[in-house]
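Note on naming: letters A, B, ... go to the chains in the order of the sequence lines (proteins, then strands), and numbering restarts at 1 for each one.
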Number of protein chains: 2
Amino acid sequence: MAPTDKKDQKVSLHTVERLSVYRRKLEELSADEVEYIHSHQLAALVGVTPAQLRRDLASFGSYGNIARGYGVKQMSRTISQIIGTDSMQNVGLVGVGDLGRALLSYRGFEERGFHIAAAFDVDPDKVGRVFAGRRCYSLDKLETALVDLQIRILVLAARPEGLQEIVDRGVAAGIRSFLNFVPKTLTVPEGCFVEHIDISAKLEKLSFLSRQQNDRTEVAE
Amino acid sequence: MAPTDKKDQKVSLHTVERLSVYRRKLEELSADEVEYIHSHQLAALVGVTPAQLRRDLASFGSYGNIARGYGVKQMSRTISQIIGTDSMQNVGLVGVGDLGRALLSYRGFEERGFHIAAAFDVDPDKVGRVFAGRRCYSLDKLETALVDLQIRILVLAARPEGLQEIVDRGVAAGIRSFLNFVPKTLTVPEGCFVEHIDISAKLEKLSFLSRQQNDRTEVAE
DNA sequence: TGAGTGCTGTGATTAAATTCACTGTGTAAG
DNA sequence: CTTACACAGTGAATTTAATCACAGCACTCA
Ligand SMILES: NC(=O)c1ccc[n+]([C@@H]2O[C@H](COP(=O)([O-])OP(=O)(O)OC[C@H]3O[C@@H](n4cnc5c(N)ncnc54)[C@H](O)[C@@H]3O)[C@@H](O)[C@H]2O)c1
Ligand SMILES: NC(=O)c1ccc[n+]([C@@H]2O[C@H](COP(=O)([O-])OP(=O)(O)OC[C@H]3O[C@@H](n4cnc5c(N)ncnc54)[C@H](O)[C@@H]3O)[C@@H](O)[C@H]2O)c1
């Protein structure tokens, strides 16, 4: 019997990134009581070509009704299943500084299926205190808390010093995914993933784009 | 005659994103007093192939010394010029909430050439107060402050409601680049750029990756 | 009921990004 | 001086991503 679903699942990472976008829009549509939507409509809403949207959906076995389009609720649910957010999952946070506290108080993660279940810090002033309803643990408790709370993803918002060591401990405790806000390159073994959010790099990209634009117009005129 | 520099500058966005990574590592190396580095060394440090690194550097006219490699300081400077961060540039911040305050208090932006010169909020309790050394303005002052302070980039960390209107006003005031933390699709005219940072989407990507991994091992065993 | 419409799913094609692989060159060692 | 070596730069090949374009179907309406 088939261990995998109906279709062979070769879903590229580019597609997965877009699936997140689609799903966010589908949630909005669902809230607006839209039941069905056509590929060209959704594509226009999220800024991709209709062909690409259909291709993305076809990469797992999606079945859109030809006349009415795709079922909004069903597609949203299917994407959640692909991504793995059909049930809430716990994540851990390392570093309860300015950024860490902002993340803790943010409601948006829950809406998307992620619950920050535990926070860790080295600062004795912070350990034991409660931030946005969650207690801050000492780093000593890292391994036990990760296991007890079944945490699968670790968000890194601490100082760069000693961060690699924390990652290594996380890996040893079974964590395979890290979301890293710290501008520092981390190394993880095969089969583990570090997703880096570099805000400065995004600013640099914007800086390049508008400068590019400038150069073009200067040349053009 | 040549309207552009020595080389034809067709620098792709993928390349630009990597240039940011290279430059960050080059700064570290420079601090460690490394003067020259070979493509395969830097490539290994940042996790790309040597060929890709050389290709990226070649996309603008880079001249590495064959025997010693690339000059660390010079390459870093050149990348800054490409990106446009060779001189400090002002950015504005809309929304001084939890996230906005974290951004305001973050020192890392200055190190990479960006200065948050002004913050704006609608909350009367916040307007007029000073956060991390910068005064919070009323939104009424948006246009004048953007122009007076020569702000080129606007960072969006407000509530979704009314955000499009603020973007429109920014565009009208000459802003072409927006860094958007708000989970809401924005529309801008041709020639303007919105860079979206969706933390939940990054978590979803990680969720997918580790689930993918799970599926694989299940099938394999 | 049958022609017309407009959609999905997908093979074929094009475009883009990455990697391969080699050429020419500077360096150092003998 | 000569030889051996290692690397930068780059055309060519390969891989990957995006787009085109059309077959076939479900629905509408005369
Ligand atoms: N604040 C921002 O807007 C922002 C933006 C981009 C990146 N970052 C990065 O995120 C990280 C945190 O930023 P921040 O502004 O919150 O800094 P912060 O100084 O306000 O907070 C850092 C927190 O991490 C804790 N910490 C330090 N070392 C630790 C360790 N080894 N283990 C656990 N906790 C540790 C500290 O006690 C402190 O509470 C930094 O590395 C920063 O570079 C921050
Ligand atoms: N906090 C996080 O970790 C996080 C993560 C991802 C995305 N975001 C997004 O960033 C935005 C801000 O998050 P936050 O946690 O700081 O929220 P917050 O509620 O703490 O702060 C929002 C701030 O924006 C101000 N504001 C509201 N409407 C405004 C407007 N039209 N113009 C100017 N200012 C306005 C409010 O007065 C408030 O000060 C939200 O849209 C949120 O979805 C936050």
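A sub-4.0 Å separation between OP1 or OP2 of D:dA18 and a side-chain N or O of A:His14 is present. For C:dT8, the OP1/OP2 oxygens have a side-chain nitrogen or oxygen of A:His38 closer than 4.0 Å. Residue A:Tyr36 places no side-chain N or O under 4.0 Å from the OP1 or OP2 atom of D:dA26.
Atoms CD1 (A:Ile37) and P (C:dG6) sit 18 Å apart, rounded to a whole Å. We find that CG of A:Leu13 is positioned 13 Å from C1' of D:dA17, with the value rounded to whole Å. Between A:His40 atom NE2 and C:dT8 atom P the separation is 7 Å, expressed in whole Å. Atom pair A:Asp56:CG and D:dT16:P shows a separation of 17 Å (rounding to whole Å applied). Nucleotide D:dT10 holds its C1' atom 19 Å from the NZ atom of B:Lys10, rounded to whole Å. Between A:Tyr63 atom OH and C:dC7 atom C1' the separation is 17 Å, expressed in whole Å. Atom CG in B:Asn65 sits about 11 Å away from atom C1' in C:dT25, given to the nearest Å. The interatomic distance linking A:Arg68 (CZ) with C:dT5 (C1') rounds to 17 Å, in whole Å.
In this structure, of D:dC27, D:dA12, D:dG9, it is D:dG9 that holds the atom nearest to the side chain of B:Arg54. Looking at the side chain of A:Arg18, the nearest of the listed nucleotides D:dT10, D:dA18, C:dG26 is D:dA18. Each of D:dC27, D:dC7, C:dT18 was ranked by its minimum atom distance to the side chain of B:Ile66; first place goes to D:dC7. When each of D:dA17, D:dC20, C:dT8 is scored by its nearest atom to the side-chain atoms of A:Ser12, the top-ranked nucleotide is D:dA17. Side-chain proximity of B:Ser39 to C:dA12, D:dA26, D:dA8: nearest is D:dA8. For B:Arg55, the listed nucleotide lying nearest its side chain is C:dT19; candidates were D:dA18, C:dT19, C:dG26.
Fit an axis to the five pairs at each end of the helix from C:dT1-D:dA30 to C:dG30-D:dC1 and the two axes sit 0° apart, to the nearest 10 degrees.
Side-chain contact of B:Arg112 with B:Thr85: a donor-acceptor pair under 3.5 Å is absent, judged by distance alone. Looking at A:His196 and A:Asn180, their side chains do bring a donor and an acceptor atom within 3.5 Å of each other.
Checked for salt-bridge contact, B:Arg24 and B:Glu27 miss the test: no charged N lies under 4.0 Å from a carboxylate O.
Enclosure of atom CD in B:Glu35 is not indicated, since only 12 or fewer non-hydrogen atoms of other residues, nucleotides or ligands lie within 6.0 angstrom. Within 6.0 Å of atom NZ in B:Lys73, 12 or fewer heavy atoms from other residues, nucleotides or ligands are found, so the atom counts as exposed in its surroundings. Shown here is B:Gln74, whose CD atom has no more than 12 heavy atoms of other residues, nucleotides or ligands within 6.0 Å.
Residues from residues 44-53 of chain B placing a heavy atom under 4.0 Å of any atom in DNA chain C, listed by number, are B:Thr49, B:Gln52.
Nearer the 5' end of DNA chain D, as judged by each residue's closest nucleotide, is the contact made by A:Thr15, out of A:Thr15 and A:Ala67.
Ring orientation note: the planes of A:His40 and A:His38 are close to parallel, at an angle under 30° on the 30°/60° scale.
With a 4.5 Å cut-off on side-chain heavy atoms, B:Gln164 and B:Thr187 count as touching.
At least one donor-acceptor pair under 3.5 Å links the side chain of A:Arg169 to the backbone N or O of A:Leu139. In terms of modelled atom types and a separation under 3.5 Å, the side chain of B:Ser59 and the main chain of B:Asp56 share a donor-acceptor contact.
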